[in-house]
Structures are given as C-alpha cells and as structure tokens.
Amino acid sequence: MPQAAATISGIQTVTLYETRARYFLVGSNEAHTKHRVLKIDRTEPKDLVIIDDKHVYNQHEVRELLGRLDLGNRTKIGQKGSSGLSKALTAYGIVGFVRFLEGYYIVLITKRRKVADIGGHSIYKIEDTSMIYIPNDSVRVTHPDEARYVRIFQNVDLSSNFYFSYSYDLSHSLQYNLTLLQRPYDLWLSEASSAEEEVHTQSKQDSFDIFEDEGLPTQVVYGLQNEPYYKYVWNGKLLERFKDIVHHDWLMYIIHGFCGQSKLLIYGRPVHITLIARRSSKFAGTRFLKRGANCEGDVANEVETEQIVHDASVMSFTAGSYSSYVQVRGSVPLYWSQDISTMMPKPPIRLDQADPYAHVAALHFDQMLQRFGSPIIILNLVKKREKRKHEKILSEELYPAVINLNQFLPPDHCIDYIAWDMARYTKSKLCNVLDRLSMIAENVVKRTGFFINRSEFYCHILRPDERWGDLGGQITNSGRVQNGVLRTNCVDCLDRTNTAQFMVGKCALAYQLYALGMIDKPKLQFDTDCVRLFEELYEDHGDTLSLQYGGSQLVHRVKTYRKIAPWTQHSKDIMQTLSRYYSNAFSDADRQDAINLFLQVYQPSESKPHLWELPTDFYLHQRSTMALPLDRRSYTLWWSEGILSSLPVAYDEVPCEENMKKIKVKRVNQFDESIDIYTEFFKPYELTSFDDTFCITMTNSAREFMPKSVGVDPSPFTVRKPEETGKSVLGNKSSKEETLLQRKTAASAPPPPSEEAISSTSEDDSEEDRDEDGSVSQRSTPIKLLTESGESSRTQEEIQQQQTVKEPYGLNLAKFPAENDLLIYERFAHLGENQHKVERTEQIELANIICLEPVSCFPEDSIYGVAPPQVNRDSRDVFESHVMAGQGQVRALCRDDTLMYREYVKNRYM
C-alpha cells in the first residue's frame with residue numbers, strides 16, 4: 001500500500017545577488033544539488049514585480065547562469081563598479097515583503113538556531129533578520145515619514161521567539177499532522193490523479209527514478225503539502241502578495257510563542273518532551289490594550305499549548321511512538337476592556353457592549369469546535385467573592401452566555417463550565433491549591449483523552465490500571481485521538497493560568513508515559529527528576545508568554561502555590577510586578593503599534609491618517625465597525641455547517657471535500673529527496689561533530705537534575721529531596737544554603753499526597769530542619785587523612801582533591817589498600833595471565849590475523865534498505881514458539897523446560 005509523507009521544502013538556503021536593475025534570489029536545498037531562481041525588479045518605485053523561473057537548476061547550470069548575468073551586467077572597462085553581479089547576503093528563508101509609503105522591502109532570515117527535533121523534522125528559532133529596500137536609489141521617491149514606519153516595524157523583534165520548520169507544519173498539532181498521513185490512500189489517489197497533469201509537466205530531473213533503467217519496481221509515496229492554519233501564522237499577510245505566483249518551496253510560515261525540548265533519560269532510554277506554544281495572530285496585542293474578544297470571535301492572548309512526548313530511540317513517524325496533548329488559554333470571550341488612562345495598577349473592568357444572545361462567544365466556540373471537536377471544557381479561575389466587584393463581572397457574564405449556547409447543542413456535546421476561585425484557595429491555610437487542581441486535571445484528561453499513534457502495549461493487559469479504562473477520547477486502529485480541549489482563563493491568562501495548565505499537563509504526561517510503556521501507573525509525583533524537568537519547561541513557557549503579553553516574567557510560579565518558594569522570591573515578585581506595571585503604562589502602546597503594522601492590520605497610505613495619529617486601534621480589529629456584515633449568523637444554530645455532524649471529532653480532521661482541497665499531493669518514489677527525512681536529518685554529505693549535535697546539547701534529566709552521588713536510584717521517577725538535585729550538588733555553597741532555607745520555608749508543603757489529602761502546617765518540621773542542619777554540618781567537616789607514619793601532613797588543596805575523587809568513586813584512592821585486598825588482586829592478576837597464555841608452535845601468518853574481509857552478515861546494506869541475514873531452522877522455531885505464546889497458543893513443555901522453571905522458582909521464591 002502506498003505511504004504518505006510530508007514534503008520537505010526544496011529551498012533551505014537563499015543567496016541574494018544584486019545588479020542595478022534586479023535582485024536575484026537563488027534558493028538551494030540543504031545539499032546544494034537543486035536550485036531555483038527568483039527575479040525581483042528594482043526599477044519599479046512602488047510596485048512589486050517578481051518573476052519565478054520554473055526551471056530547477058543543478059549546481060553547474062546555476063554557476064553558468066550567474067556567470068552570464070555577471071558578464072551581461074558589466075559596465076565599460078575603466079568605469080567604477082565594473083562588476084555587474086554582486087553577492088549581497090546569504091539567508092535561510094524569506095519572512096515576506098512589506099511596503100509603507102515608498103517601495104517594497106524584503107525581510108530575510110540571516111541567522112537560525114535549532115531548538116527542537118520531532119521525528120527527524122528540525123524546528124528552528126530565528127536569531128537575526130535583515131530588511132532590504134528593493135527599488136534602486138535612482139527611482140526611489142522619498143517620503144519624510146518612511147523612516148518612522150521602518151522603526152515601528154522593527155520594534156517587533158523577530159529574533160525573539162519566532163519559529164519555523166522546513167518539513168513540519170508548526171501551525172497544526174501533531175495529531176492533525178499524523179492523522180493526515182494515516183488517511184486511506186484512495187483519497188490521495190484521487191487527489192493525485194486530479195493533479196496528474198501538473199505532475200507530468202514537471203522536468204525529468206524532478207521525477208527521476210534511480211531504478212528506472214533496471215526495470216525494478218519502486219514504491220510510490222504520496223508527498224503531502226498542507227495549507228497552514230493561518231490563525232497561528234504571523235507572516236501570512238507579508239507573503240500574501242507573492243504566494244500565488246511563486247513555487248510553494250519559496251513560502252515559509254513562521255509562528256510566534258514558545259518552543260522548548262528536553263530529554264528524559266529512563267535508564268538510558270531517551271524520551272523527548274517538547275512544549276510548543278502557538279500565539280494567535282488574530283486580535284493580538286499587549287495586556288491592557290487587548291482584552292476580551294473582537295466581532296469575529298478572536299480573543300486576546302489566545303495561545304495553544306501542545307506537549308509532545310516521543311521515544312527518541314526510533315525517529316520515524318511511521319515506526320516510532322508519538323503522543324501529544326493540547327490545551328488552550330485565552331481571554332474571556334466577551335466585549336470588555338480596561339481603561340489604563342487612570343494610571344491604576346488594576347484598572348476597573350468595563351463591559352463595552354451588551355451581547356444578550358452571546359453572539360461573540362458563539363463565534364469563538366464555533367472556531368474551537370471546528371478545530372478541536374467536543375467536549376469543550378472551560379476552566380474559569382477568576383475571583384468569585386470580592387468586596388468591590390472587579391473580576392466577578394466577567395464570571396457573571398460568561399456563565400449565562402455558556403448556558404444560552406448549550407441549550408441549542410445536543411446534550412452529548414455541550415460546553416462544560418468549571419468555575420474555581422484559585423486566588424481564594426491560595427490564601428486559605430486549610431486547602432492545598434495543587435491538590436484541587438490535580439483532581440480537576442484528572443477529570444479533564446479523562447474526558448478529552450490524548451493522542452498516541454500506536455495501539456496499547458501488552459503490559460497494559462497484563463497489569464491493567466483502573467484509570468486507564470475510564471480514559472476518554474477516541475480509540476482508532478492505530479492508537480488514540482484527543483477529542484475536545486481544555487480552555488483555561490483568568491483575567492490576564494498569565495500566572496494562575498500557567499499553574500493550572502502545568503497541573504493538567506503533568507497529569508496528561510503521566511498518561512502519555514504510561515501509554516508509551518515507560519511507567520507502570522499513570523501517576524507522577526512532585527520532586528522527581530521527570531516532574532522537575534517538566535516544571536522547568538513550563539516555567540520557561542510561562543515566562544516567555546508573560547513577557548510577550550504582560551511585559552514581565554511570571555509573578556506567581558508553581559513553587560509559590562506549593563508554598564516552598566524561598567523568602568528571596570518575594571522581592572523578585574515585587575520587582576516583576578513593578579516591571580509589568582511600567583511596561584503596561586509606558587511601552588505597551590508602542591509595542592501595540594508595532595504588532596498592528598507587522599500583522600498588516602494597519603497598512604499605511606497617503607490618503608489615511610498615520611498610525612501614531614489614531615486615537616485608538618479599536619476600528620482596525622473590529623471589522624463590523626467599518627462595514628455592515630452581509631450575512632447575519634443565527635442565534636440558535638450558531639455553529640458552522642458540517643461541524644455538528646462530525647462531533648465529537650474535529651471538523652478540520654474529517655477527510656471531507658473541503659479539507660482535501662487544502663492539501664497538495666505529489667506522487668514520488670520512496671527515494672525522492674523531497675520526502676527523504678533520513679538525509680534531511682543526518683546530512684550524510686556534511687562533516688559534522690558529534691559534540692555539536694542538538695541531541696547532545698539539549699537539557700538532559702540525568703545531567704541537569706539527577707544527583708551525582710554514588711548509590712542513588714537513577715530512575716527519573718524517584719522522589720528526591722530539594723538539596724539532592726543535580727543542579728544544587730554542582731552549585732556553590734550559597735546555592736546549598738539557599739536549598740536549606742527553601743526546606744525551612746516548605747513546612748506547609750505536603751509530600752506528593754493522594755488526591756483527597758489536605759495539607760496543613762506542622763510544628764514538627766522545625767525539629768527535622770535542625771537534624772538536617774546537623775547532618776549537613778557533619779558532612780562538611782574535613783576528614784583528616786593519616787599517612788603511614790601516622791602524621792597528618794596533607795595540605796588543604798590535597799584534601800579537597802581527595803574529596804572530589806571520593807565523591808564519584810565512593811572510596812579514597814590516595815589511601816593504601818589493605819593487605820587482604822592486595823592478595824585478592826594478585827590472585828586475580830595471576831589468573832588473568834594464565835588465561836591468556838597461548839603456546840605458539842606454528843609460524844604466525846599475518847593474513848590470518850589481519851583480515852580485511854567484511855564481517856557483516858548483510859549482503860546488501862545502504863541507507864535505503866537492509867537485507868535480512870539468513871536465519872537457521874532452530875532460531876526460527878524459537879521465534880515461532882515465542883509468537884505463538886504471545887497469541888495464547890502455548891506449545892507442550894519438554895523436560896528441559898520443566899527443569900528450567902523449577903530452577904527459576906527455587907531461586908526466586910525459596
């Protein structure tokens with residue numbers, strides 16, 4: 001059966017050449033074997049004229065072309081600038097084209113850094129960009145306000161948390177990307193036949209088959225090019241002018257948010273945990289300037305967070321084990337805002353527009369049902385009890401809106417609403433916030449399920465868990481699918497939301513690791529290497545999103561809600577609060593203008609007022625204020641057509657005709673470089689250093705979190721004390737003192753309890769702290785090392801060196817061994833010498849020692865295929881009996897089997 005594979009972009013390096021009349025962009029693949037050329041006219045002062053050369057050049061042809069261009073554009077000998085073609089710069093992709101009041105600019109990525117790897121597909125972070133003016137100086141028409149627009153546009157720092165990939169669609173979830181590859185090939189056959197005319201008109205080089213001359217059959221693979229989800233694409237408008245006139249390899253879509261990856265080592269087995277956050281480009285902006293929702297149902301600060309867990313020992317999407325879980329945060333979907341002109345830390349919340357039929361909420365949840373399916377679960381964390389109404393206003397409006405929408409939905413697909421005052425529970429000494437959140441998380445994950453691309457392991461049948469049987473989602477032939485999503489919000493969707501999302505993610509991570517066969521129960525405890533690694537990922541994720549929207553890092557973290565944060569954290573929280581207030585009061589307006597200009601929400605024109613002259617950007621984001629809507633949505637049938645019939649599955653994942661139109665299909669052979677992820681990842685044509693590879697440099701649980709002392713359980717699921725982490729052991733004395741202070745402030749923090757347990761402060765912890773202080777002081781006193789004469793003649797440096805040696809080896813190497821140990825060692829050495837003594841009476845032939853013949857059993861071995869070795873009959877019988885035992889057909893036991901079993905029982909239990 002033909003397979004499907006994601007298409008790898010054929011342009012990963014872009015070289016810009018310039019003449020007086022044109023710019024030439026030469027795009028190359030990673031191996032620099034195929035090239036495409038794009039011509040940009042520089043004689044037009046305000047228009048963008050791009051010509052795409054459809055021909056695919058090899059390296060020799062592109063050198064000839066550049067040589068002819070250089071020769072044809074040379075001026076007369078003796079004049080200045082005799083070189084006709086000059087190389088401007090080398091880049092890694094095109095962000096887009098933008099125009100203000102003069103001509104067009106081209107924005108190119110000049111530096112990149114790899115930050116993650118999913119199934120061999122590399123994800124890069126933009127490190128630096130270059131913005132180049134296209135028209136020649138001779139035709140340039142200057143405008144006095146052009147420089148100001150350029151400065152505003154460059155306020156969007158593209159080197160800060162913008163990501164892209166040449167082969168993986170970052171705008172969609174892993175579940176969407178993998179279920180797309182698993183669709184029945186009959187669908188791709190019909191799509192490919194409709195585009196057959198385009199395939200046949202390609203050049204011979206584009207559809208070259210390496211086995212065509214031999215007449216050998218090759219496997220057909222459908223290369224899929226999917227249309228991105230433009231809600232999370234940030235350069236969609238910048239590519240709009242030229243995406244229909246160039247080859248799709250030139251197009252590269254970037255997302256904004258966060259991407260982090262860490263390696264969890266489970267007894268040497270690598271498991272990669274990846275966190276990807278996609279920030280919505282609709283109704284985007286800063287904290288107090290973007291609140292609520294716009295008229296199209298897009299909400300402020302909407303971020304889709306996806307955690308991907310996969311077994312890194314197998315790279316392929318088809319053969320590997322991959323799992324993901326998605327959750328969403330976003331502002332309350334109502335018409336509301338806060339007036340920042342009062343210069344108050346918490347401006348009053350104001351409902352701007354009455355919406356009795358919940359029209360804007362209906363549009364928002366319609367988008368969510370289309371992308372995620374049902375159930376949609378709302379976790380509302382705003383305050384319920386306040387002396388003066390502030391946050392409570394939002395709850396009083398959101399709950400009736402959900403009730404109104406639910407009365408028209410079928411009961412099985414209603415929107416679930418969970419309201420929980422997290423701030424009030426935090427102040428209570430009798431209740432533990434994270435215990436309550438873990439109960440909510442357990443119920444949520446059971447309702448939605450999660451995605452995994454493989455069926456259940458046999459160990460799940462042997463050792464079933466009662467919670468595994470209650471898990472929701474949809475079970476398919478190839479695994480599980482997540483149906484529905486959790487939508488979390490507070491007022492800002494920053495501190496409380498990040499902690500709640502962490503607890504839900506921690507619960508989902510336990511189920512994901514259990515589904516991958518890594519743990520025996522779907523439960524993870526705090527203070528393990530695994531949870532610490534995951535918590536660090538989520539804190540980086542929360543800090544990044546908070547900086548983008550609020551102007552500062554997180555104020556309240558997971559440690560704050562666990563009540564184990566050190567006392568120094570309070571001063572840091574105050575500084576973050578002041579930083580957030582300063583950013584909101586003084587710099588948010590400039591950042592909002594930059595976002596509006598970058599996303600082309602505002603496009604400068606001679607006939608319009610300038611961006612800095614607008615009193616508000618409300619009309620830019622609310623299209624209904626500029627023109628009357630042509631079609632009015634129904635208040636009762638508020639969902640889009642086709643969504644209800646596909647529930648609980650998301651409409652976007654249903655292989656209907658509308659969704660199939662978004663996918664381009666190309667038939668290629670299995671060795672074509674456009675789908676060869678092996679060559680894309682390993683780059684066999686490059687000389688690389690193992691130490692510089694990304695998998696070595698990424699965060700590692702064994703290196704960063706596991707204690708370095710001897711005799712410690714290396715499992716990342718073992719509960720450890722705070723001072724036992726790898727980071728504190730490697731740190732200096734101050735870090736050790738800080739961990740002691742951290743332990744003293746953790747009196748009210750419980751150990752990882754059951755879900756019903758309630759933590760309370762205890763007075764016995766002070767005695768434990770005193771004991772721990774004593775034990776630490778005893779460990780820190782230096783031990784005197786006596787020489788054979790009994791005199792202490794060691795310097796302080798030697799003592800420190802011996803202590804550093806003793807730490808990893810568990811014994812003092814400088815001390816002379818005991819007499820009994822020496823006798824044992826001599827006896828062992830004597831045995832070794834006798835064992836390797838060989839009497840050589842015959843003459844030694846060098847050919848018998850140095851044998852250069854291949855020792856591999858494989859007759860054919862390449863990157864494309866491996867021929868299996870010949871297996872004898874006895875080995876086949878053993879394997880067949882093993883397979884039959886797995887199917888429940890046990891063969892009759894012989895006498896040797898009975899004796900072996902008796903020996904096992906005797907050694908194991910008697």
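Remark: the D355 side chain and the Y335 side chain contain no N/O donor-acceptor pair separated by less than 3.5 Å. Looking only at atom types and distance, the side chain of Q548 has a donor-acceptor partner in the side chain of R279 under 3.5 Å away. Looking only at atom types and distance, the side chain of H172 has no donor-acceptor partner in the side chain of R278 under 3.5 Å away. Side chains of Q482 and Q474: no donor on one and acceptor on the other come within 3.5 Å. A donor and an acceptor atom, one from each side chain of K231 and Q367, are located under 3.5 Å apart. Side chain to side chain, T544 and N161 fail the donor-acceptor criterion of an N or O pair below 3.5 Å. For the residue pair N380/S395, the side-chain donor-acceptor check at 3.5 Å is satisfied. Between the side chains of Q512 and Q307, a donor-acceptor pair is found at a separation under 3.5 Å. In this model, a donor atom of one side chain and an acceptor atom of the other lie less than 3.5 Å apart for Q182 and S478. No side-chain donor from either of Q370 and D366 sits under 3.5 Å from a side-chain acceptor of the other. H541 and N498 are linked by a side-chain donor-acceptor pair at a separation below 3.5 angstrom, with hydrogens and angles left out of the test. Between the side chains of T274 and Q261, at least one donor N or O sits under 3.5 Å from an acceptor N or O.
Aromatic pair F534/F502: ring centres closer than 6.0 Å. If you look at W420 and Y425, their ring centroids are closer than 6.0 Å. The aromatic ring centroids of F164 and Y166 lie less than 6.0 Å from each other. Residues Y511 and Y514 keep their aromatic ring centres 6.0 Å or farther apart. The aromatic ring centres of H121 and F317 sit less than 6.0 Å apart. Here the two rings, on Y325 and F450, have centers that are 6.0 Å apart or farther.
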Apply side-chain contact (heavy atoms from CB on, under 4.5 Å) to W336 and Q338, showing your working. CA-CA 7 Å; W336 65 280; Q338 287 179 279; 4.0 Å; yes
What's the verdict on side-chain contact (heavy atoms from CB on, under 4.5 Å) for I255 and F162, showing C-alpha distance, side-chain angles and the deciding distance? CA-CA 6 Å; I255 66 164; F162 283 88; over 6 Å; no
Could you go through the side-chain contact (heavy atoms from CB on, under 4.5 Å) check for D617 and L614 one step at a time? CA-CA 7 Å; D617 65 347; L614 297 176; 5.7 Å; no
Could you go through the side-chain contact (heavy atoms from CB on, under 4.5 Å) check for V328 and T488 one step at a time? CA-CA 6 Å; V328 177; T488 312; over 6 Å; no
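Of the inter-residue distances, the one linking L486 atom CG with F372 atom CZ reads 11.0 Å to the nearest 0.5 angstrom. With values rounded to the nearest 0.5 angstrom, L224 atom CG is found 11.5 Å from Q3 atom CD. The CZ atom of R291 sits 12.5 Å away from atom CG of D339, with the distance rounded to the nearest 0.5 Å. Note: Y163 OH to W234 CH2 = 13.0 Å, rounded to the nearest 0.5 Å.
No salt bridge links R496 with D421; every basic N to acidic carboxylate O contact stays at or beyond 4.0 Å. Using a 4.0 Å cut-off between charged side-chain N and carboxylate O, E397 and R350 make no salt bridge. Looking at R287 and D492, a side-chain N of the basic residue comes within less than 4.0 Å of a carboxylate O on the acidic one, giving a salt bridge. Here K384 does not pair with E391 in a salt bridge; the nearest charged N to carboxylate O distance is not below 4.0 Å.
With a 6.0 Å radius and a threshold of 12 heavy atoms from other residues, nucleotides or ligands, Q407 has its CD atom above the threshold.
With Y602 as the aromatic partner, K608 meets the cation-pi criteria of under 6.0 angstrom to the ring centre and within 45 degrees of the ring axis. Both the sub-6.0 Å distance and the 45° axial angle are not jointly satisfied by R480 relative to the ring of F451.
Y229 pairs in a side-chain contact (heavy atoms from CB on, under 4.5 Å) with only one of the listed residues (K662, E304, R371), which is R371.
Contact of the R487 side chain with the R329 side chain is not registered, since no non-hydrogen atoms from C-beta on lie closer than 4.5 Å.
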